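Below: one structure, written as structure tokens.
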2 protein chains.
Amino acid sequence: MRSASAVFAEFGYSGGSLRAIAASVGVSPATLIQYFGSKEGLLEAVLEAWTEQTHELYARDLQGLPYFRALAELMTFHVNHRGLIELFLTMAAEASSPVHPARAFVQRRYGQTFEEFSRHLRETRDHGETALTEREIATEVHMLIAAMDGLELQWLIDPAFDLRGLFEVYLDQAITRWTAPRGS
Amino acid sequence: MRSASAVFAEFGYSGGSLRAIAASVGVSPATLIQYFGSKEGLLEAVLEAWTEQTHELYARDLQGLPYFRALAELMTFHVNHRGLIELFLTMAAEASSPVHPARAFVQRRYGQTFEEFSRHLRETRDHGETALTEREIATEVHMLIAAMDGLELQWLIDPAFDLRGLFEVYLDQAITRWTAPRGS
DNA sequence: GTCTATAACCGGATAGAC
DNA sequence: GTCTATCCGGTTATAGAC
């Protein structure tokens, strides 16, 4: 399963052949089909495994601002498990095509992340630490997700990129913005 | 040429077949090979055309802050010419693989954008409008590129996404940060 | 359960007709 | 110049042996 993820992550869904995956796993392509029914079935299994892996990481008991601060640690984990990001971003870009088998997954994933981030930001507001409107929350969450994806993308292209450090800068600026007294 | 770009943009390099491109253009696959030598040759031509198209847009006489403010208009153009972004982001994500034929192009492109943005931000500093250190400039440029790519990615997944509006928010915050008196 | 063998098809690329 | 026809390797998927 980890092998399949790695191949899809590196070559995309179109570019990642069952043969390559089978060879990487150490079985025959036929065996993969037996297990997963089809290439698309294998992709679904890979995406499901991806979701489980990332859920373990996100599933913390943190709420509000501490939750966001913990995202920086998540980045460090990502740097040490490159495949997770590589898989998601490759699928996300490939899935700009409406017929891509991972499109629904990517859309769902973005929706869930948006909701989760929004919930924690509302939590922050309800505790009186911020005074953001609903609209501002939506804006900030979209920008936070964009910063994460965009920095990750630059890191994929250039492994020397300081992903954690730059994300921490963004995060600090964002939290400052959220908690600072309202400007005009 | 525009047809080929559209196919590569939608299906990626692996997923975009010569047959599909040829059908889209209205010629035979053999004709494409005659012109471009190989599929990879065709991709190079597509990327070159992409560079020319975007260069026309960036090539303004604006310097410093007005240059950055003009990026918002660029976003509007992108919204109306989805293929440009779709092609670049699809290639960028696919090119996380070291053997991808577009990898060098994507790396070069990121480098050029980084240098161009940095130059304009230095310009801003030299005019006394900002007081950013070299390191801060590099950080801000990386974050600006990340915001652009990340927001564009969300827009590709969800066409209803307000790309221009959200980017303007980011841009305003960034310019405020650059021009505000130094905090502690 | 996993493999080998193979079917059925699609990929890029070539040869040669027009 | 562009097409048709074709080659050949790769792709997914199936059938049946072990």
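Protein chains get the first letters and strands the later ones, always in sequence-line order, with residue 1 at the start of each. No experiment lies behind these values; they were computed from the predicted model shown.
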If you assign A:Y13 and B:Q34 each to the DNA chain D nucleotide with the nearest heavy atom, which residue ends up on the more 5' nucleotide?
B:Q34
Charged N-O contact under 4.0 Å between B:R135 and B:E140
no
Integer-rounded Å distance: D:dG10 C1' and A:I21 CD1
15 Å
Kindly state whether the ring of B:H142 and the ring of A:F161 have centres lying under 6.0 angstrom apart.
yes
Are A:F11 and B:Y13 an aromatic pair, judged by ring center distance below 6.0 Å?
no
Between B:L43 (CG) and C:dG12 (P), how many Å, whole number?
12 Å
Spacing of A:I33 atom CD1 relative to C:dA5 atom P, expressed in whole Å:
18 Å
Does B:S28 make a side-chain N or O approach to OP1 or OP2 of D:dC3 shorter than 4.0 Å?
yes
Between OH of B:Y35 and C1' of D:dG1 the distance, given in whole Å, is 7 Å
Atom NZ of B:K39 and atom P of C:dG11 are separated, to the nearest Å, by 9 Å
Considering only heavy side-chain atoms of B:S17, the closest of C:dT2, D:dC3, C:dG11 is C:dG11
Of the candidate nucleotides C:dC3, D:dC3, C:dA13, which contains the atom at the shortest distance from the side chain of A:V27?
C:dC3
Quick check: does any side chain N or O of B:S24 sit under 3.5 Å from a backbone N or O of B:A20, one acting as donor and the other as acceptor?
no
What is the distance, to the nearest angstrom, from the CG atom on A:L18 to the P atom on C:dT2?
16 Å
Length of the line joining A:F11:CZ and D:dT11:P, which is rounded to integer Å
11 Å
Once you round it to whole Å, what is the distance between P of C:dT2 and CZ of A:F36?
10 Å
Quick check on DNA chain C: between A:R19 and A:G26, whose nearest nucleotide comes earlier from the 5' end?
A:G26
